[in-house]
Visitor: 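Structure below; questions to follow.
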Amino acid sequence: MTESTTSKAARILIVEDEAAIRTLISFACAAAGYDVKCVEDAVQAQSVVDSDPPDLILLDYMLPELSGVDWLEQLHANPKTEHLPVIMLTARGSESDRVKGLNAGADDYIVKPFMPRELIARIQAVLRRYQHQNQAMEDNKNTVIVCGPLTMNEASFEAKVDGEPLSLSAKEFKLLLVFAKNPERVYSREMLLSLVWDNAYVDERTVDVHMLRLRKQLQGTRAENLLQTVRGLGYRAHISE
């Protein structure tokens with residue numbers, strides 16, 4: 001049994017249209033003690049997620065009909081599935097492809113070809129991170145963070161401005177939570193990458209993209225000026241008098 005499993009093996013959904021690669025990944029995951037299910041496309045994957053959500057998804061970037069990255073965006077746009085951990089597997093290793101996959105919500109991005117031992121190590125790291133997050137949510141079940149007109153509940157992943165809910169992705173919520181917990185503290189892009197993404201492969205521009213999205217969400221509310229750019233340093237949350 002691996003360190004990522006407890007009394008019940010973690011369930012891995014493999015979404016890969018190439019049979020040989022699918023078999024290799026399945027064998028490596030099963031040998032590591034995971035409960036594995038395989039599908040060939042996004043339609044089949046969605047059916048599995050709807051009926052029996054896995055603990056982690058290994059997702060090919062290029063799939064027939066609907067690409068992996070497009071399906072991932074749909075998955076993370078749904079509040080019921082936005083927190084599912086996803087590792088993207090792909091032969092597309094350019095910086096722009098990495099940024100696109102990570103911006104779509106991937107927790108990690110592995111370029112083919114890769115060694116099975118590396119894959120298992122990445123799976124363990126992502127599952128461990130989510131286990132810690134879930135435990136933190138349990139420990140802080142009744143914790144509500146107040147930052148000016150903004151309130152955030154870590155356990156329910158709810159964010160509201162003057163009682164009106166915001167529609168945030170998982171990464172947007174985590175990013176906003178960092179600022180809400182420590183108003184007036186300035187965070188560099190590098191610090192935010194470490195706190196929110198915990199992934200060295202993410203480009204700093206990803207932070208700017210998510211900050212832009214958050215500001216759009218806050219437009220027209222009393223919190224529209226909450227997030228400020230500190231020139232040459234990074235970002236902070238500032239509570240107006």
Visitor: Can you see which heavy atom on C29 is nearest to which on I123, and at what distance?
Guide: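 Closest approach of C29 to I123, heavy atoms only: SG-CD1, 3.8 Å.
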Visitor: Answer yes or no: are there more than 12 heavy-atom neighbours, outside F27 itself, under 6.0 Å from its atom CZ?
Guide: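 Atom CZ in F27 is not crowded, with 12 or fewer foreign heavy atoms closer than 6.0 Å.
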Visitor: Identify, with sequence neighbours excluded, every residue that meets ring-ring contact (aromatic ring centres under 6.0 Å, His included) alongside H210.
Guide: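 With sequence neighbours excluded, H210 shows a ring-ring contact (aromatic ring centres under 6.0 Å, His included) to W197, given in chain and number order.
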Visitor: Please say which of V86, L89, T90 ends up in a side chain to side chain contact (heavy atoms under 4.5 Å, CB included) with L59.
Guide: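 Exactly one pass, corresponding to V86.
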Visitor: Could you note down all residue pairs passing salt bridge (charged side-chain N to carboxylate O under 4.0 Å, His left out) where residues 9-31 supplies at least one of them, sequence neighbours left out?
Guide: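 Listed once each, the pairs are R11-D52, R11-D55, E16-K112, R22-E40.
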Visitor: Who are the side-chain contact (heavy atoms from CB on, under 4.5 Å) partners of T81, not counting sequence neighbours?
Guide: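 Expected list: V49, L75, N78, L84.
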Visitor: Compare all side-chain heavy atoms of E184 with those of R236 and state whether any distance is below 4.5 angstrom.
Guide: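 Yes - at least one pair of side-chain heavy atoms lies under 4.5 Å apart.
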Visitor: With distance as the sole criterion, is a donor-acceptor pair present between the side chains of S67 and D70 under 3.5 Å?
Guide: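 Judged by distance alone, the side chains do pair up.
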Visitor: Only counting residues at least two apart or in another chain, list the ones meeting side-chain contact (heavy atoms from CB on, under 4.5 Å) with A180.
Guide: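 Applying side-chain contact (heavy atoms from CB on, under 4.5 Å) to A180 gives I145, C147, L150, M152.
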Visitor: List in chain and number order the residues that pass side-chain hydrogen bond (donor to acceptor under 3.5 Å, both in side chains) with D35, two or more places apart in sequence or in another chain; answer none if no residue qualifies.
Guide: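 D35: no side-chain hydrogen bond (donor to acceptor under 3.5 Å, both in side chains) contacts found.
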Visitor: Decide yes or no on side chain to side chain contact (heavy atoms under 4.5 Å, CB included) for L177 and E154, but give the supporting numbers first.
Guide: CA-CA 8 Å; L177 187 64; E154 291 187 75; 3.6 Å; yes
Visitor: Any non-hydrogen side-chain atom of L175 less than 4.5 Å from a side-chain atom of M211?
Guide: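 Heavy-atom side-chain distance check passes, below 4.5 Å.
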Visitor: Tell me the closest heavy-atom pair linking A45 and V15, and the distance in Å.
Guide: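 So the two residues come closest at CB-CG2, 3.7 Å.
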Visitor: For a 4.5 angstrom cut-off between non-hydrogen side-chain atoms, does D108 reach M88?
Guide: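 The answer is no; the side chains never approach within 4.5 Å.
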Visitor: Does E65 reach the side chain of V43, with side-chain heavy atoms less than 4.5 Å apart?
Guide: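 When only atoms from C-beta onward are counted, V43 and E65 do not touch, as no gap falls below 4.5 Å.
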Visitor: List the residues meeting side-chain hydrogen bond (donor to acceptor under 3.5 Å, both in side chains) with E158, not counting sequence neighbours, and say none if there are none.
Guide: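 Listed in chain order: S156.
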Visitor: Taking only residues at least two apart or on different chains, which pairs with a member in residues 214-234 satisfy salt bridge (charged side-chain N to carboxylate O under 4.0 Å, His left out)?
Guide: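 For residues 214-234: D162-R222.
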Visitor: What residues form a side-chain contact (heavy atoms from CB on, under 4.5 Å) with T23, not counting sequence neighbours?
Guide: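 side-chain contact (heavy atoms from CB on, under 4.5 Å) check on T23 returns nothing, list empty.
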Visitor: For V48, which residues count as a side-chain contact (heavy atoms from CB on, under 4.5 Å) partner, sequence neighbours excluded?
Guide: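 Scan of V48 (side-chain contact (heavy atoms from CB on, under 4.5 Å), adjacent residues dropped) gives L13, K37, V39.
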Visitor: Ring pair (Phe, Tyr, Trp, His ring centres under 6.0 Å): which pairs involve residues 35-76, sequence neighbours left out?
Guide: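 Checked against ring pair (Phe, Tyr, Trp, His ring centres under 6.0 Å) - neighbours excluded - no pair reaches residues 35-76.
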Visitor: If a pair satisfies ring pair (Phe, Tyr, Trp, His ring centres under 6.0 Å) and one of its residues is in residues 160-187, list it, with sequence neighbours excluded.
Guide: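 Checked against ring pair (Phe, Tyr, Trp, His ring centres under 6.0 Å) - neighbours excluded - the pairs reaching residues 160-187 are F157-F173, F179-Y187.
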Visitor: Got a sec, which residues hit side-chain hydrogen bond (donor to acceptor under 3.5 Å, both in side chains) with E190, two or more places apart in sequence or on another chain?
Guide: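 For E190 there are no side-chain hydrogen bond (donor to acceptor under 3.5 Å, both in side chains) partners, ignoring immediate neighbours.
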Visitor: Give me the atom names and distance for the closest heavy-atom approach of V36 to A30.
Guide: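 Of all heavy-atom pairs spanning V36 and A30, the closest is CG2-N, 3.7 Å.
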Visitor: Salt bridge or not for K171 and D107, using N-O below 4.0 Å?
Guide: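 Between D107 and K171 there is a salt bridge, with a charged N closer than 4.0 Å to a carboxylate O.
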